[in-house]
Amino acid sequence: MVRLSLEELYKEVILDHYRAPRNKGRVDPHDVALERNNPLCGDELELFLRYDGDTLEAVGFEGKGCSISQASASMMTEKIQSLPIKDAITLAESIKRMMAGEEEGDPNELGDLVSLKGVVKYPVRIKCALLSWNTLLEALEESGKLERS
Ligand code: ZN
């Protein structure tokens with residue numbers, strides 16, 4: 001009988017998103033496109049957002065790099081698609097706190113994203129996991145959608 005450990009399960013979720021990325025591709029038309037990379041690992045990401053008022057109407061990405069960076073982008077786009085912008089910002093902040101080891105991460109809130117927690121113990125990979133989230137926050141800021149509290 002095969003029983004997956006939590007760590008193996010996390011790995012499976014990441015590989016699944018890496019092999020079959022969700023929302024891969026440009027979004028046209030888009031309101032903002034932002035390209036960022038993680039030179040430490042060679043990860044590249046371009047994020048496309050289209051707004052409908054205060055909602056993320058369409059989200060997509062192009063990119064290449066390690067499984068963690070690309071899976072994180074895939075999971076992020078899946079999760080924030082159609083979400084109010086303020087909820088996407090709350091989510092990004094939760095992920096950043098989880099990756100900083102400041103909180104456990106709530107599976108009910110985060111879904112598949114909780115699998116990124118397995119990366120916390122590999123400090124060099126944390127930047128890979130956060131590339132998409134930092135790009136999202138920067139893109140929102142660039143289009144005047146990020147309200148600093
Ligand atoms: Zn990477």
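Nothing fancy with the numbering, it's 1 onward along the sequence. What you see is a predicted model; the values in this text were computed from it and never measured. Both ligands and their constituent atoms are indexed starting at 1 by order of listing.
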Participant: Any donor-acceptor pair under 3.5 Å linking the side chain of Ser74 with the backbone of Arg22?
Facilitator: yes
Participant: Apply side chain to side chain contact (heavy atoms under 4.5 Å, CB included) to residues Leu49 and Leu136 and explain how you reach the verdict.
Facilitator: CA-CA 9 Å; Leu49 304 176; Leu136 170 68; 4.1 Å; yes
Participant: If we ignore angles and hydrogens, is there a donor and acceptor under 3.5 Å between the side chains of Lys96 and Asn134?
Facilitator: yes
Participant: Under 3.5 Å, side-chain donor or acceptor atoms of residues 110-119 against the rest of the protein: list the pairs with distances, not counting sequence neighbours.
Facilitator:
residue : atom : partner : partner atom : Å
Asp112  : OD2  : His17   : NE2          : 3.0
Ser115  : OG   : Asp112  : O            : 2.7
Lys117  : NZ   : Glu104  : O            : 3.1
Lys117  : NZ   : Glu104  : OE1          : 3.3

Participant: For Asp87, is there an ion pair with Lys79 - N to carboxylate O distance below 4.0 angstrom?
Facilitator: no
Participant: For Asn37, is there any backbone N or O sitting under 3.5 Å from a side-chain donor or acceptor partner on Glu44?
Facilitator: no
Participant: Which of the protein's N, O or S atoms come within less than 2.8 Å of the Zn ion (ligand 1), not counting waters?
Facilitator: Cys41 SG, Asp43 OD1, Asp43 OD2, Cys66 SG, Cys128 SG
